[in-house]
Amino acid sequence: MSVFVKKLVDMASLKKHPGFSDSLRPDDVNPRLVFHHGISSGSVLLAYDSIQQILAISTKDGQIKLFGKDGSQALLESSETIPSKFLLFVENQGILISVNVNNQIEVWDLDKKSLSAIHHFEKEISSFVAMRNGAYMYIGDSSGNVSILRLHENPCHIEPMKYHIPLSASYGKINEVGSDIAAKHVLPQPTAENKRALIIYSDGVITLWGIRESKVVFTNSGGTTMFQEAKKVTAACWACSLGTKVAVGYSNGDIILWSVPCPADSNAEQAASQITQICKLNLGYKAEKIPIAKLKWADVDGKSSRLYVLGSSDCNSTNLLQVVLLNEHTETRTIKLGLHPREPVVDLEITTSSIDQNKHRRDSLLLLGKSSHIYTYDDSLIERYLVQSQNKSSPSLPKEVMVKLPYVDSSITVTKFITSIPCMPSSSDEDFNMLVKNSLPLFPFERSIKDGSNSNSTTLTPFSKAKNLLITGHSSGAINFWDASCPLLLPVASITQQSDNDFSLSGIPLTALHFSYDSHILVSGDQSGTVRIFTFKSETFAPQSTFMSFQGSSKKGSSNIIRRIKVVKVNGAVLSITATENLKHLAIGSDQGYVSLIDPDGPSVLYERHIASEFCTGNISIHFETCSFHGFEKNVILVTTKDSSVFTLERDTGSALSSGVVRPNKPAKALFTRVLDYSYKGSSMPDAIDVNSISSDNSTLKQSFMLLCTEKSVYAFSLSHLVQGVKKVIYKKKFSSPCYWASTFGSPDVGLILLFASGKIEIRSLPELSLVKESSIRALTFSTIRPFSVSDIIVSSSLDGELIIVNGNQEFLFVSTLLQETYRFLDFVSMVLNKDLVNAQGVVCSPPIKEKKKGIFASVIKDNKSAKLKNGHEVETEDCRRSIEELSTIFSTVNFATDTESEERNTMNEENADLDIDDIEIEDPKEKPRGYPVIAGLNRQNITNKFQAIRGKLKHTKVKSEKVTVNEEPQDEKPGAIDQIKKKYGYASSVDSGAANMAKTKLSENLKKLQGISLKTSEMQDTARSFSSMAKDKRTLTLISEVSTPSTTPYWILSSAAAMYGHRGALFGSGGVSDGYEIGSKRPRMMESTPYFAVRSSSSSSYQTHGYDSRYQPSSFPVVRLRGLPFNCADVDIFKFFGGLDIVDVFLVNKDGRFSGEAFVLFAGPMQADLALRRDRQNMGRRYVEVFRCKKQDYYHAVATEVKEASYGSIDHRGSPPPVRRKRSSPEKDRMEYTEILKMRGLPYSVRKSEILKFFQDLIDVREDKIHIACRSDGKATGEAFVEFGSAEDAKKAMSKDKMLIGSRYVELFPSTPDEFRRAASRSR
């Protein structure tokens, strides 16, 4: 037993609180998946990084399993439990990209094994591919358009580029086609991916697009019109290393090879060149009408190239997978190989394994079956077969190998897990070397394996080295011992013999195991009723013990570790084996209802008794106990049957102790039983316990329970009543969903572990069964996505609360419930990325590839040197870094204006046509009457117009008063990019200062006007404060309630907004910093120190001046919207985020009195707003912030909404709870359907269950175990909680506490459902 569990036991024994409810606290446990070994159920897609040699497999429920070198494995889990439709690596960059069916693009960091970025694409994604350098990605959508995304590294985020390829420009005759044309495949040309990309549309049109020219280079001028029958493109891939041939598969089974001319040929002589058909491959798919699901081309080290063809797995055919040899004979003779896996294949991939970096290289073909099994073929044998077939010889067919756990030569049927074994100390280096040397590979290509066998001869790990020991019983009758100190199990020993003289496998599945490490005795039982008692040699467990062979099939191997074997036969298959503490007796339970008592050293069977159960025979558990019966101590045997009936027998005779049988009221399948013994002082005795049933010894009271767990409920019976045949339930809990496994942990038992079919894990305290913590493991969820049953799952646990879960022959799950770290080298076995291989420059450059030009390609490429030079078929080599910089410039430029952009530009021009600094007219301030008549005397329209005018003028003349340091400049705002934005708005570049000087003169001339504006604004602020103080008047409130259009801002918005924001002057151009600066004092300093716009020059750290060009007119209202802000965000955080830009106003949006995570930021000019948009997806703290453009009406509407809400109470309550006002019922909540669950929102992060109990105590009684505080995955509270009431009526009654306070925060209540509660609980793990 570990030190941590001992500490828990000591804590439990010292508790004085009545009962045991505090013996196990939530902080003591943390149920979680520690390691996943094997292939996940529900796998659908494969991806491979050939440089890092990492294989990725995605599942239908949002998981991605990674396999690296040296047996390393990792499991990634998306927040969305939906499948991926695209999965690819950015090679050698440690980045994996997944696109799910909801068109969310997820970027995974393989080093941190975490999600780095998410980008939601608005349209249906039909194709997705990344360039080799990883910086840019092509996305084809269902409308036929192609978009470009850029992947930034620090911080990791995806930026949509302005460059795009519309269908109207790339397809051609857009008016002659339907609306269902999708960009099915986008293939960057291998040797010129920075210059050209091949676009293949769903109707068969193929276009070679010039990226720099932004036009079509070549096309096949057809599509469906060139075919005699309608067919859709379903698969495509390049068929040569130069990118001059492409293979395309169709929905009718056709496979066509197309020739793609070289762009250098597009001169006057070759202007008529088009993408033409080379030949059609006849592989039989068309005859059976099998759509082509996938095409993959391979050309390794100049060998004969091969095309792998996969038909749709939905078709019932044995001809789904074929390999075709592409060489000079393909035009006249098709050389092919048909592979026949044992099940339909959904995906394929080719992997590379380098056993020796300099000498050996081994490629393998991986096939993913519908059942999630992986099958492999040696790719070199496939090539050999095709080459020999070409020579008309009789080659041997490649053999298929099914990938399964290396621990299951035959299926595992039963397990036993023991942890915290005293073992011989050794150095970490020694243990690590043993792990690397002795670990068994999952995939056969990871080591040299002959004839498709998974057999592996390796040095065994001594028993004395094993800190954790796993024993597995198999369907063949074999028993294996594994060192489970690390999640990669190491072989220790294997037992295959049946008796002292019979060393062959029995071939009968094992059904039960019992092992005593201290006594060195192992007991096994099988389906035939055979019980074998193995006595090991004592030297087996000595420190010097080592063994040379893992297989124990020889007499020599078995005799090394086994002293003797005793064989006993019982009636029926063995279900349970139990031994007394001194191992003098063994009790065997069978599926026929027999209980057999065996003396290991004496006669075979002392007695055998049949238990006649009323509903179902089969004894799932047996316990030896000594208890009081009518005042006498009795040695008894407690037997539990499959239908949850409990019988009591005398140990010595096997006779029934009483005629009564204890069972639940409704029969249910029994899962687990345990006898619990507890001691406590008399004053701390729980009320539910009968004093007469407790034994007393020196004022210490002892109580024993019989714990019975069924698939529907768990019970704690009084043991003293049970032996008399009387059912007395002390504690009981009913499950909301079926439970399929249970066990306890600790010695004595301190907690109960429950596994449910929904994937949920519950930890409950003993004996009162209160819920301590629950979590969820997606890999254990039973659903149509994971089509396995409870019978496929085998679970074993240790006293330390460690679980090993076996799912058939595919996966092992290592689950921990306590906080302790049980396994060694967990970081090493989870490290799939080799950082030493990652290119330091972050760019992957592929060397030039030369192609042999014969046969099938002779019609396109000539074999003589002069023709090669004439046609321009030299391999293009480019400097990768320079090319990426060029692409950055190209892709950052709009090449085709969209209708949406044109409409938005026109709208913005109309909105801001009157905003010019030269049009400012300053009127002399007029004296206004004091007091109440100010309301009648104010002209609403005049003030509104003045409000707009002042804001418009200031936003164009506002400049920074203090220079920003070098570190505050955003990393992505390079001088070249900023010059482009400045040129767009008519500003001078960093090398042209003429316009800047003109601007300086122009601004100086208007200094007097600006000072007048400052005085006018100050006066209006004072007027606004006076007006807001009078807003409580009835007539004023009537005026405020009037609704205005977004285009005209009424004076009540101006005055209230001034009252809200006047203290920092943000609305009127003070810069927004909450430092008390006012525009009156700040404006002169701004005009003297800094001009209108300032950015960092590429040659100097100082700011350069830039002004208006005479041709420039402002084109948009300079406001942007922010989303995803931290909830503790303040104004100053936003100013830091936009460091270097001129901010006029920051407006934090509140909803229901709480910050919503959104904000509006108004800048001094439209160019500033454009620069602000470049900071989209950058981080503020640990959150990335979305920055996008919005309309002026949105900004005004947000201001108007908050001002109107603020009019109900104090004007200045930003970020605080709304003022207390008359309680008004919520019609929406009244109309909602109520269950017994309410959701609480807005709780303090430090809230305790006791505070929530107090919150409801004056209205309705709530039990503490019915309160569930939601937490994030890191354990921090979310501010939400779920409360279970006795009924829906009670929940509805409790809704009257809505919007009342806990501490200083008001709490919102909402009706909830069990499904929402379960989802929240799963996220809290």
Side-chain angles (χ1 to χ4, degrees), residues 21 26 733-734 736 770-771 774 1032 1034 1037 1040-1041 1127 1149-1157 1201-1202 1204-1211 1213-1272 1277-1321 1323-1324:
S21 59
K733 292 294 178 182
K734 188 177 180 180
S736 58
S770 62
L771 181 64
E774 65 180 5
K1032 298 180 181 179
K1034 181 177 180 181
L1037 292 177
I1040 290 177
S1041 64
F1127 284 96
V1149 180
N1150 291 335
K1151 290 183 180 179
D1152 299 327
R1154 300 182 65 194
F1155 179 45
S1156 64
T1201 301
E1202 181 148 334
K1204 191 171 181 179
E1205 291 179 354
S1207 65
Y1208 285 105
S1210 174
I1211 288 294
H1213 64 264
R1214 272 189 148 191
S1216 304
V1220 179
R1221 57 182 181 264
R1222 183 173 58 88
K1223 178 73 176 180
R1224 294 186 293 178
S1225 62
S1226 173
E1228 293 80 5
K1229 294 182 180 179
D1230 292 340
R1231 288 194 297 266
M1232 294 179 69
E1233 182 179 351
Y1234 281 79
T1235 67
E1236 66 277 9
I1237 300 176
L1238 287 185
K1239 177 182 177 181
M1240 306 181 71
R1241 190 173 69 184
L1243 292 165
Y1245 292 130
S1246 60
V1247 71
R1248 298 177 178 272
K1249 290 186 178 182
S1250 58
E1251 296 177 79
I1252 298 177
L1253 281 175
K1254 186 178 179 181
F1255 183 73
F1256 290 108
Q1257 70 179 4
D1258 60 339
L1259 190 65
I1260 195 167
D1261 291 332
V1262 182
R1263 287 165 39 191
E1264 186 171 339
D1265 61 331
K1266 296 297 184 181
I1267 298 174
H1268 312 278
I1269 298 176
C1271 299
R1272 301 199 308 246
T1278 64
E1280 295 183 352
F1282 291 83
V1283 182
E1284 297 179 75
F1285 295 89
S1287 64
E1289 290 75 13
D1290 290 345
K1292 193 168 185 179
K1293 182 180 177 182
M1295 277 296 298
S1296 62
K1297 305 287 287 186
D1298 186 28
K1299 300 293 180 69
M1300 293 192 179
L1301 297 181
I1302 291 184
S1304 61
R1305 296 183 65 89
Y1306 79 100
V1307 179
E1308 294 181 275
L1309 302 181
F1310 301 91
S1312 184
T1313 64
D1315 288 340
E1316 183 185 13
F1317 166 58
R1318 282 192 293 270
R1319 289 193 300 268
R1323 291 193 296 267
S1324 299

- Query: Does the pair F1285 and K1293 meet the rule for a side chain to side chain contact (heavy atoms under 4.5 Å, CB included), with working shown?
  - Reply: CA-CA 10 Å; F1285 295 89; K1293 182 180 177 182; over 6 Å; no

With heavy-atom distances below 4.5 Å as the criterion, would you say the side chains of [X] and [Y] are in contact?
X	Y	value
I1252	L1243	yes
T1235	E1316	no
E1236	D1290	no
K1297	D1258	yes
F1255	M1240	yes

- Task: Go through the steps to decide whether D1315 and R1318 satisfy the test salt bridge (charged side-chain N to carboxylate O under 4.0 Å, His left out), and finish with yes or no.
- Result: CA-CA 5 Å; D1315 288 340; R1318 282 192 293 270; 2.4 Å; yes

- Item | Main-chain N/O of V1149 paired to S1156 side chain as donor or acceptor, under 3.5 Å |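 A pair under 3.5 Å: yes.
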
Closest approach of [X] to [Y] (non-hydrogen atoms, all atoms of both residues):
X	Y	value
E1251	I1302	OE1-CG2, 4.3 Å
A1288	Y1234	CB-O, 3.7 Å
Q1257	K1254	CG-O, 3.2 Å
H1268	L771	CE1-CD2, 4.1 Å

- Step by step, work out the side chain to side chain contact (heavy atoms under 4.5 Å, CB included) result for D1298 and E1308. CA-CA 5 Å; D1298 186 28; E1308 294 181 275; 4.0 Å; yes

